[in-house]
Each structure stands twice: as structure tokens, then as C-alpha cells.
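All ligand and atom numbering here is 1-based and tracks the order in the structure.
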Amino acid sequence: MFLNYSQLVWFLLPIAAASGWWLARRNARTAKANTGRPRISPDYFKGLNYLLNEQPDKAIEVFIKMLDVDSETVETHLALGNLFRRRGEVDRAIRIHQNLIARPTLNGEQRCLALLELGMDYMRSGLLDRAESLFQELIQTRSYTVQALTQLLEIYQQEKDWDKAIDTARRLESSSGERLVPIIAQFYCEKAEELRQGGQEGQASDMVRRALSVDAHCVRASLLDAELAVKAGKPKLAIRAYKRIEKQDPDFLPEAIYPLVDCFRELGKLDELMVYLESIVVKHGGITPTLALAELIAERHGEGQAIAFITDELRRRPSVRGVNRLIKYALAHAEGATRDNLLMIKDLTGKLLESKATYKCNHCGFAGKSLHWQCPSCKYWNSAKPIHGVEGE
Ligand SMILES: [Zn+2]
């Protein structure tokens with residue numbers, strides 16, 4: 001619900017009127033000076049005056065002040081605070097929630113709800129430390145545990161505090177029953193990346209192993225594992241890690257193909273590479289393994305056989321990248337007008353590929369040219385994959 005100022009004032013107007021009327025009547029009753037006619041609070045007219053003078057900002061302040069906090073208006077305060085936060089007016093939301101919490105009349109349940117809301121206000125305004133201590137307090141009192149843990153998990157991810165993120169995700173998993181192991185594995189991978197960047201490859205490997213022990217299907221861990229093995233001069237181990245991806249999620253195989261080719265080359269095992277690539281092409285298709293295999297065929301048996309192989313594959317699975325490669329091979333033997341035409345087509349397919357994203361988030365549809373394990377748009381983990389189809393993989 002997103003209201004503009006004037007809509008918000010019209011929403012507040014009757015509530016303020018009722019509250020002012022109720023207060024006036026109650027005060028009149030206790031003072032035993034009931035004239036028999038309920039009096040409307042002067043503040044109400046003050047607010048109304050601001051409104052008529054097109055000063056909705058001041059009108060809102062007055063109406064809010066009129067809303068005395070008692071058991072009957074707590075809900076209204078909470079709804080208002082929530083509304084302000086959603087509209088991006090976090091300072092107002094914070095004031096309302098702080099005001100609520102300060103009231104001794106609040107019952108335990110209401111106080112906890114106000115704490116949760118205030119914590120979310122702090123998060124929205126970037127005051128992560130304050131938000132964190134409120135959510136910790138809620139967890140200690142066993143109130144709104146799942147919501148508080150969810151928010152804490154968000155905070156630790158923003159702060160890149162992966163140890164706390166792992167611990168919180170585990171607690172959230174047991175409180176909510178939601179399966180979070182694929183995300184926990186990503187947190188271990190984040191730690192591994194940090195360690196690798198700091199030159200601590202051995203400890204990075206330990207983290208990769210932990211990632212795989214919590215989630216055996218973590219493709220990122222296998223890629224990291226393989227890259228660390230390559231860096232350590234162990235191509236055999238790297239091949240084993242890259243090959244694991246086929247069982248984990250074959251959609252990610254394109255990520256492994258060219259590094260795998262390098263490892264097999266280093267070991268001089270081109271026959272074995274050829275058998276492996278053939279099996280991948282037969283089982284999963286995909287233009288990256290097809291082109292890697294075509295290069296190998298061209299190298300060992302000549303370009304004529306590579307062209308025949310690609311043509312055959314394109315009939316089964318059309319691909320712009322395949323056509324582009326085919327033209328490259330054809331250009332080597334073309335002359336005159338044919339060559340000019342081929343160059344023009346190659347230019348066109350090249351431009352078409354340049355403009356296309358290679359990865360897409362399956363949750364929000366965000367697409368780009370680099371692989372993100374956490375979507376930069378919707379912040380989901382494990383939601384982006386290489387794009388398959390005629391213009392993609
Ligand atoms: Zn997304």
C-alpha cells in the first residue's frame with residue numbers, strides 16, 4: 001500500500017477525530033463536567049487547519065500526536081509506522097515505534113511486535129548495529145524468532161560476516177524448517193573466495209570442503225575446488241572436481257569445459273578429452289562442449305571434419321554461436337563476393353551475440369554477462385544460470 005500525502009491525511013483524519021472525541025469524552029467524564037455533548041479536541045481543528053492550508057506534513061504531525069497510545073490504538077500506531085517505513089519516511093516510522101516502546105501500558109506481545117518493527121526501521125535506514133541488538137533481544141525472549149533470525153541473516157550478509165551468517169542460517173533452519181543448506185554452502189564459498197584472495201589457498205580448500213559437505217550439489221564449490229587445484233599444479237585433481245559438475249547441475253557445464261580442456265592438454269590426454277566431450281555433447285548438448293570438440297576435431301583431423309561435425313550438430317540444435325564458428329571455418333577457403341558476404345554475416349552474428357546476456361536469474365529475470373551466485377537484483381542465492389537456447393548455450 002503506497003499512499004501519497006493527501007491520501008494519508010484523509011486516512012488519519014477520521015482516526016484522529018475519533019481519538020480526540022474519545023479522549024475529550026473520557027476526560028469530561030472523569031472531571032464530572034459532562035455537558036452531555038462530546039467535545040472535539042482543539043488539536044483536531046489545528047490539524048484540519050493545516051490541511052486546509054495545504055500543509056499536509058504538519059497536519060500529519062498533529063494527528064499523530066493526538067493518537068494517545070492505549071490498547072485500542074496500538075494497532076493504528078503499528079500500521080502507521082509500517083506505512084511510513086514503506087513510503088521511505090523512516091525517521092517518522094522510528095519516532096512512532098520508539099514512542100510505542102516507551103509506553104509502560106504495552107503488553108509483552110505488543111512490545112515485541114513494536115521492537116520487531118523498530119528493528120526493521122533501523123535496517124532500512126542502515127543502522128545495522130542497532131537493528132542487530134533489537135533482533136538479538138527478540139531471539140533471547142523467544143518472540144518472533146523466525147522473523148528476527150531472517151532479519152539477522154540479512155544483516156550478516158550485508159556486513160559479509162560469513163561466520164555469523166552460517167550460524168544464523170543454521171538456527172533459522174531449525175526454527176523454520178526451511179532448507180537452507182544450499183545458501184550455507186554459498187557462505188562457505190564466500191569465505192573460501194576471501195581466503196584465496198588473501199593468498200591462503202590451503203584454508204580456502206578447507207572451506208570448499210565444508211561447502212561440499214553441507215551441500216554436495218554446490219557447483220560453485222566444485223569450480224573453486226578445481227581452480228585451487230589448477231593453481232597448485234594438480235590438473236588431475238582439477239579434472240575430478242570439474243567432472244563433478246555434470247552430476248551436480250549439468251546446466252553449469254559450460255563453465256567447466258574450457259578449463260577442463262586446458263587440464264587435459266597439460267596431461268597430454270587428448271584421447272580421453274575427446275571421449276569425455278563426446279559423451280557430454282550426446283547427453284547434454286550445449287554449444288560450448290560442441291565447439292570445444294569441434295576445435296579438437298579440426299586440430300586432429302582437419303577443418304573439413306570439424307565443419308561436418310558442427311553442421312550435423314546445428315541441424316539437431318540450432319545455435320547462433322555454432323553458425324558464427326561455421327562461418328569462421330568457411331572463410332578460410334572463401335574468395336571474392338562469397339568471402340564478402342560471409343564476412344558480413346559473421347559481423348551480424350557477432351553483433352547479435354554481443355548484445356545478448358549469457359546468464360539469467362530464474363527468480364527475478366535479471367540478466368547479464370557475468371555469473372553471480374547471489375543475484376544482484378533480487379539477492380536470491382543460486383538463482384542465476386547460463387542461458388540455453390538458440391542465442392545462448
Ligand atoms: Zn534475481
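The pair Glu303-Lys328 does not meet the salt-bridge criterion, since no charged nitrogen lies less than 4.0 angstrom from a carboxylate oxygen. A salt bridge links Arg220 with Glu193; the closest basic N to acidic carboxylate O contact falls under 4.0 Å. Salt bridge annotation for Asp91-Arg85: absent, with no cationic side-chain nitrogen under 4.0 angstrom from a carboxylate oxygen.
Checked against the 6.0 Å centroid threshold, Trp162 and Tyr156 do not count as a close aromatic pair.
For the residue pair Asn82/Arg86, the side-chain donor-acceptor check at 3.5 Å is satisfied.
If you run ring-ring contact (aromatic ring centres under 6.0 Å, His included) between Trp373 and each of Phe252, Tyr380, Tyr188, only Phe252 comes through.
Protein atoms that are N, O or S and lie under 2.8 Å from the Zn ion (ligand 1) are these: Cys361 SG, Cys364 SG, Cys375 SG, Cys378 SG.
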